[in-house]
Amino acid sequence: MTTKPTRGWDQAVFSCGRCGAQHTATTEADYLKAVGVHGDAHAVWDRLNPVERDGFIAILRILSSVQDLATELLALADRQTGPETAGEPRLSRAAPAPAQAGITVQ
């Protein structure tokens, strides 16, 4: 019995020309996602000044260190309707800020 040779690839490595980061993917979809997310990260990083970068990274480190913290904080923000927040704008996940030119949100 003759078998057909397998076509395609088993993995691909994305190497960023700007920062040197490398991401390995085993599917085309994962590769495209890695490239897109990495490009989005550069777009966000480029928009922040050094002080904003430090604060943003500090917050991300806290959120990523405790599982479900981001979810709880978003839920807390959605529930804030008490007198201590009266007159303050209510945070909402329903209406995200419009995407800037050159930033792809996936």
Side-chain angles (χ1 to χ4, degrees):
M1 178 179 217
T2 307
T3 60
K4 288 185 176 180
T6 304
R7 292 184 180 211
W9 44 274
D10 60 350
Q11 69 178 15
V13 177
F14 162 68
S15 297
C16 178
R18 290 182 63 188
C19 69
Q22 293 190 343
H23 297 282
T24 302
T26 57
T27 67
E28 184 178 5
D30 288 345
Y31 179 83
L32 294 173
K33 182 178 177 182
V35 171
V37 169
H38 189 79
D40 290 348
H42 272 292
V44 170
W45 190 257
D46 292 344
R47 294 190 61 164
L48 301 173
N49 66 44
V51 172
E52 292 170 331
R53 289 176 184 167
D54 289 346
F56 186 63
I57 295 304
I59 291 168
L60 286 177
R61 289 188 199 284
I62 292 168
L63 291 175
S64 66
S65 70
V66 181
Q67 195 172 28
D68 298 328
L69 180 58
T71 302
E72 287 300 315
L73 285 170
L74 289 171
L76 178 64
D78 287 343
R79 288 191 303 268
Q80 293 300 313
T81 58
E84 68 277 359
T85 59
E88 294 179 17
R90 188 156 188 248
L91 301 176
S92 173
R93 291 180 284 169
Q100 298 294 324
I103 298 176
T104 304
V105 180
Q106 296 181 351

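Predicted model only: the values in this text are computed from it and were never measured.
Counting heavy-atom neighbours within 6.0 Å of E28 CD, excluding the residue itself, gives a total of 12 or less.
Residues passing the side chain to side chain contact (heavy atoms under 4.5 Å, CB included) test with L60, sequence neighbours excluded: F56, I57. A search for side-chain hydrogen bond (donor to acceptor under 3.5 Å, both in side chains) contacts involving D68 returns nothing, not counting sequence neighbours. Residues forming a side-chain hydrogen bond (donor to acceptor under 3.5 Å, both in side chains) with Q22 (at least two apart in sequence, or on another chain): S15. Remark: D30 pairs with T27 by the side-chain hydrogen bond (donor to acceptor under 3.5 Å, both in side chains) rule, at least two apart or across chains. Remark: R18 pairs with D46 by the side-chain hydrogen bond (donor to acceptor under 3.5 Å, both in side chains) rule, at least two apart or across chains.
Residue pairs satisfying the ring pair (Phe, Tyr, Trp, His ring centres under 6.0 Å) criterion with at least one member in residues 26-54, sequence neighbours excluded, are listed as follows: F14-H38, H23-H38, H38-H42.
Summarising the geometry, atom CG belonging to L69 is positioned 9.5 Å from atom CG belonging to L74; distances are rounded to the nearest 0.5 Å.
Taking all atoms of both residues into account, the shortest heavy-atom contact from R53 to L48 is NE-O, 3.1 Å.
Hydrophobic cluster membership differs between V13 and V35, with clusters built from Ile, Leu, Val, Met, Phe, Trp and Tyr side chains linked at under 4.5 angstrom.
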